Amino acid sequence: QVQLVESGGGLVQPGGSLRLSCAASGFILDFGAIGWFRQAPGKERDLVSRISLVDGNTYYADSVKGRFTISGDNAKNTVWLQMNNLKPEAAAVYYCAASMATWPKGEYEYISWGQGTQVTVSS
């Protein structure tokens, strides 16, 4: 029903920056929140950041706090993740996902997922 498409991934050096985009198209549901997740090979998928589309409340994992910024534009059906001062540990496939909940409690509450975009951090 709804398609989420991530873009903006690529190769950066440690300390560099990337801006990821998540665009929704198709039959747009009245989503309550958008989350950014990342998954490295052999690792579990972890929540990186989340934004409520109802009140703008945001969440950041401790590992990225102060360096990543999430933002959204409901009129454009787009959410961004600005990633600054990237560390090698940030290398992963990044996914955006949508939830009907305003403040999703867990990954199970995300009902629509993008295809992922690769972020590589290397010298």
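Here the structure is a predicted model, which means the values were calculated and not measured. When a residue number appears, it is its place in the shown sequence, counting from 1.
Under the 3.5 Å distance criterion, the side-chain polar atoms of Thr117 are matched with a main-chain donor or acceptor of Gly9. A donor-acceptor pair under 3.5 Å links the side-chain atoms of Asn74 to the main chain of Leu53, judged by distance alone. Within the 3.5 Å criterion, the main-chain N or O of Lys76 finds a donor-acceptor partner in the side chain of Thr78. Looking only at distances, no side-chain donor or acceptor of Gln13 sits under 3.5 Å from a matching main-chain atom of Val121. Checked by atom type and distance alone, the side chain of Glu6 pairs as donor or acceptor with a backbone atom of Gly116 at under 3.5 Å.
To the nearest 0.5 Å, atom CZ of residue Arg38 and atom CG of residue Leu81 are 9.5 Å apart. A distance of 11.5 Å separates OG of Ser99 from CD of Glu107, quoted to the nearest 0.5 Å. One distance of note links CG of Asn77 with SG of Cys22; it measures 10.0 Å at 0.5 Å rounding.
Val119 is not connected to Phe37 by any chain of hydrophobic side-chain contacts under 4.5 Å among Ile, Leu, Val, Met, Phe, Trp and Tyr, and they are in different clusters. Under the 4.5 Å side-chain heavy-atom criterion for ILVMFWY residues, no single connected hydrophobic cluster contains both Val54 and Phe31. Linking ILVMFWY side-chain heavy atoms closer than 4.5 Å, directly or via other members, places Met83 and Val12 in a single hydrophobic cluster. Clustering ILVMFWY residues whenever any of their side-chain heavy atoms sit less than 4.5 angstrom apart, transitively, puts Trp36 in the very cluster that holds Val2. At a threshold of 4.5 Å between side-chain heavy atoms, the hydrophobic network of Ile, Leu, Val, Met, Phe, Trp and Tyr places Tyr110 and Leu20 in two separate groups.
Taking both residues in full, the closest heavy atoms of Arg67 and Leu86 are given as NH1-CA, 4.1 Å, listed atom of the first, atom of the second, then distance. Residues Thr69 and Tyr60 share a closest heavy-atom pair of CA-OH, 3.4 Å. In plain terms, the two heavy atoms of Ser112 and Leu4 that are nearest each other are O-CD1, 3.4 Å. Nearest heavy-atom pair across Gln115 and Val5 is OE1-CA, 3.5 Å. The two residues Thr102 and Ala33 make their nearest non-hydrogen contact at O-CB, 3.6 Å. The minimum heavy-atom distance linking Ser17 with Gln82 is given by the pair CB-NE2, 4.0 Å.
Looking at Ser49 and Val64, their side chains never come closer than 4.5 Å, going by heavy atoms from C-beta outward. Contact annotation: the side chain of Ser123 approaches that of Pro14 to within less than 4.5 Å [non-hydrogen atoms, C-beta and beyond]. Ile70 has its side chain out of reach of Tyr59: every pair of non-hydrogen atoms, C-beta onward, lies at least 4.5 Å apart.
Heavy atoms from other residues, nucleotides or ligands lying under 6.0 Å from CG of Asp73 number more than 12.
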Exercise. For side chain to side chain contact (heavy atoms under 4.5 Å, CB included), just list the numbers for Met100 and Ile111, CA-CA rounded to whole Å, side-chain angles, deciding distance to a tenth of an Å, and then say yes or no.
Key: CA-CA 8 Å; Met100 298 300 295; Ile111 63 173; 3.6 Å; yes

Exercise. Show your working on side chain to side chain contact (heavy atoms under 4.5 Å, CB included) between Ser71 and Val79 and close with a plain yes or no.
Key: CA-CA 6 Å; Ser71 60; Val79 169; over 6 Å; no

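Cation-pi check for Arg45 over Tyr95 is met; the charged atom lies under 6.0 angstrom from the ring centroid and within 45 degrees of its normal.
Using cut-offs of 30° and 60° for the angle between ring planes, the Tyr94 and Phe68 rings count as tilted.
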